[in-house]
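Just so it is clear: chains get the letters A, B, ... in the order the sequence lines come, proteins before strands, and each one is counted from 1.
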Amino acid sequence: MSSMSTLPSLPAGILLALAALVMALGPFLPRRVVDSLAVSGAAATSLICIFLLKFSFDQRITYWFGGWQPQNGICIGISFMVDPFSAGAAALVCLLGSAAFLFAWHYFDSVGTLFHTLMLVFLAGMVGFCLSADLFTLFVFFELMGVTAYGLTGYKIEESSLAGSMNFAVTNSIAAFMILFGIGLLYGRTGALNMAQISRSLQAGPVDGLVITALVLVIAGLLVKGSVVPFHFWLADAHAVAPTPVCILFSGIMVGLGIYGAARVYWSVFAAALGPDQSELRIFFLWAGIVTSVIGGLMCFLQRHLKRLLAFSSISHMGVLLTGVSLFDPLATAGTSIYLLFHGFIKGALFINAGTLLHVFSGVDEFELRGRGKKTPMTGVLFGIGGLLLAGIPPFGLGLGKSFIELAAERLGYSWLSIFLFFPSALSGGAVLRATGRIFLGLGNIEGEEKTGATESEKQETTGKHGHALWFMVAPAVALTVMAIVGGFYPALEQSAGRGADLFQDWAGYQKAVLHSRSDFPSLQENITIEKGPFQWKRIIPPLGAVGLAFFSLFAGSMPKRVFKRILRVTDLTCKKLQQLHSGHVGDYVAWLAVGVSIFGIFLFLNFLRR
Amino acid sequence: MGFLPYAVSAWLFIVGMYGIVTSRNMVHLIICLAVMQSSTYILILSCGYRSGAIAPVFADWPIGTPAVDPVVHALALTDIVVGATVTALLLVLTIQLHRRTGTIDPYKLMPLRRRDE
């Protein structure tokens, strides 16, 4: 199996080597050659990741760089560890990367190949982040994907892009410093940087103030990347101004990696020491997730700039992901992984559609584009399907993941969660459906609350004749939408997700696999099998809510004016306050970050020192 | 050394964050970010320090002499590289922003304009 053992290093390695090649030879090669290189590189890497995924269901694969194997359980090298979720996340990164490169075929003809270099390094950073088994390596790849993301956000070099990139960079750099602070504390306590070794050392000692501080800093830092309220402000600014191929990756997988990283660090580093009964932590993250999903959904509905709308929708879905991982239950974690996968497909497709509109009409403002979308019916169909999928319409993938989360919550005694999880689906799906109705059907001449949403007039990002370029844009959107629809019926999906969740949460087996290269099956008492139970008709409620909200917004003109004005008076104040909070000023964002981290820290200290 | 390096580290982190929140000048803000980063350097290097130990270079000393932890020095160097990259990128963004808007006051820079302004 020696060839298998070097495979985990290939994805990141190929992407980085290709980036260097593109940067060196790019000015001398025709643009189409560079484009093809980038697409084929990303596609090849995704095939490798899928292959790793299939193999990792049997046993975790550990790869030590330079052959520095651990001696007597002490790690002296840096490792990558492949298990189903990490390989799956890496595969999603590369798949969306291929779609982004395909979409970018006609982008930035004047600027050349710097875009491809940055994107390839960005992909490499994300793949390394997924596979890393060492805390400091995780931090380095976190920074790598961060810095390239800041550069890509500001790529268009206009005032709004630069300001958005600045907010993104400052907020996420502070998050990285918090992570590093936590890593320093853990290193001081345990003398180790490898996650499995830290876990084992922490297990042997008490959970005191230092461990809690490290936990707060590292997890809060990763949740800043995952755009959990109140750390979410940077996301809307960055996504609204970044070029469309970059947005596909941002919303599709990059924010999800924040939640994934937080869960990974929790299970692989802290779960052993903290013990199995974590009801306070569970309640705290559950409410954090609920608040994120509701605020994200509300803000999403209040937007008129399509990219900003989709950005807030991502925030609300990240809230749902956080509630899923916060339950600390294999069924919920399996549901979260399915949700993340399908959210990536759907959001990627929606951003491609927004980019198509930008290409054809030079604008992404809902009101500017009203009725003009009739010229591009295909995009309209995809948009509408995306909106319904986003609302979790059964029996397709996103609703499946959410049903697992709700089922697990019921079993743990939190059956009220479904009430709150109605809002992200209904609000974000409804917003997309409203935009579809307005742009492609010309409905909705009455402006609701969304007229105060932030917006600006865009410049066309692409060149090339409309007909030829359109194929490269619509094809990836169709492919992603089809995958989102069909993927939910893949027969092994639920069992694979369940198996992946078992391996993800099994910190004892993780320690053994990394430190002693032993590949036992999970040492949990039972392999949690996914028994869904009968189809629950309540799963149809959020999509109905989404359609209802869209209808209400679009046909508000046919309602008596007095009723409408009265409704508006009620919603006006909250909406204005919410919009004002998202001020665009980086000092506000950092202040909220400090408040959020302090609340988290105080809560944990009060609870753990009581024990 | 005791408690002092960790207190200095925490102080730098907090005061850097305060500087960012109240800054009226992007260059000042970026330097505050660098101050926050140096707090992590101090923390990491203090974790590896041993009193009375030599630098981890055994050219003149016999192997086995107590030395400070070399791993933290590698970590600090990595962080310095990362910090330099981020600072350089942010400064370039500031220059481009000034070229386009004539201001480097964060209060005046807006990612997108709201309709009621």
Given heavy-atom pairs under 4.5 angstrom as the criterion, report whether the side chain, backbone, both or neither of [X] touches chain B.
{"X": "L593(A)", "answer": "side chain"}
{"X": "Y150(A)", "answer": "both"}
{"X": "L193(A)", "answer": "side chain"}
{"X": "F181(A)", "answer": "both"}
{"X": "V170(A)", "answer": "both"}
{"X": "V590(A)", "answer": "both"}

Item checked: Structural part of I20(B) lying under 4.5 Å from a heavy atom of chain A ->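 Contact with chain A is through both the backbone and side chain of I20(B).
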
Notebook entry, point to check: So which part of T94(B) gets closer than 4.5 Å to some heavy atom of chain A, the side chain, the backbone, both or neither?
Noted result: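 Both backbone and side chain.
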
Check: In Å and rounded to the nearest 0.5 Å, what is the CD to CG distance from E158(A) to L97(B)?
Finding: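 The CG atom of L97(B) is 11.5 Å from CD of E158(A), to the nearest 0.5 Å.
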
Checklist line | Closest contact, heavy atoms only, L93(B) versus S165(A) | finding: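 What the structure gives for the nearest pair is CD1-OG, 3.3 Å.
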
Next item on the list: Kindly say whether the aromatic ring centers of F13(B) and F177(A) come within a distance under 6.0 Å.
Entry: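 When the ring centroids of F13(B) and F177(A) are compared, they turn out to be at least 6.0 Å apart.
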
Margin query: For I157(A), is there any backbone N or O sitting under 3.5 Å from a side-chain donor or acceptor partner on R100(B)?
Written below: yes

Check: Do T78(B) and F139(A) touch side chain to side chain, with heavy atoms closer than 4.5 Å?
Finding: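 Contact flag for T78(B)/F139(A) side chains = no.
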
Next item on the list: Start with the C-alpha gap between Y107(B) and D588(A), add the side-chain angles, then the distance that decides, and say whether side-chain hydrogen bond (donor to acceptor under 3.5 Å, both in side chains) holds.
Entry: CA-CA 10 Å; Y107(B) 280 80; D588(A) 294 344; 5.6 Å; no

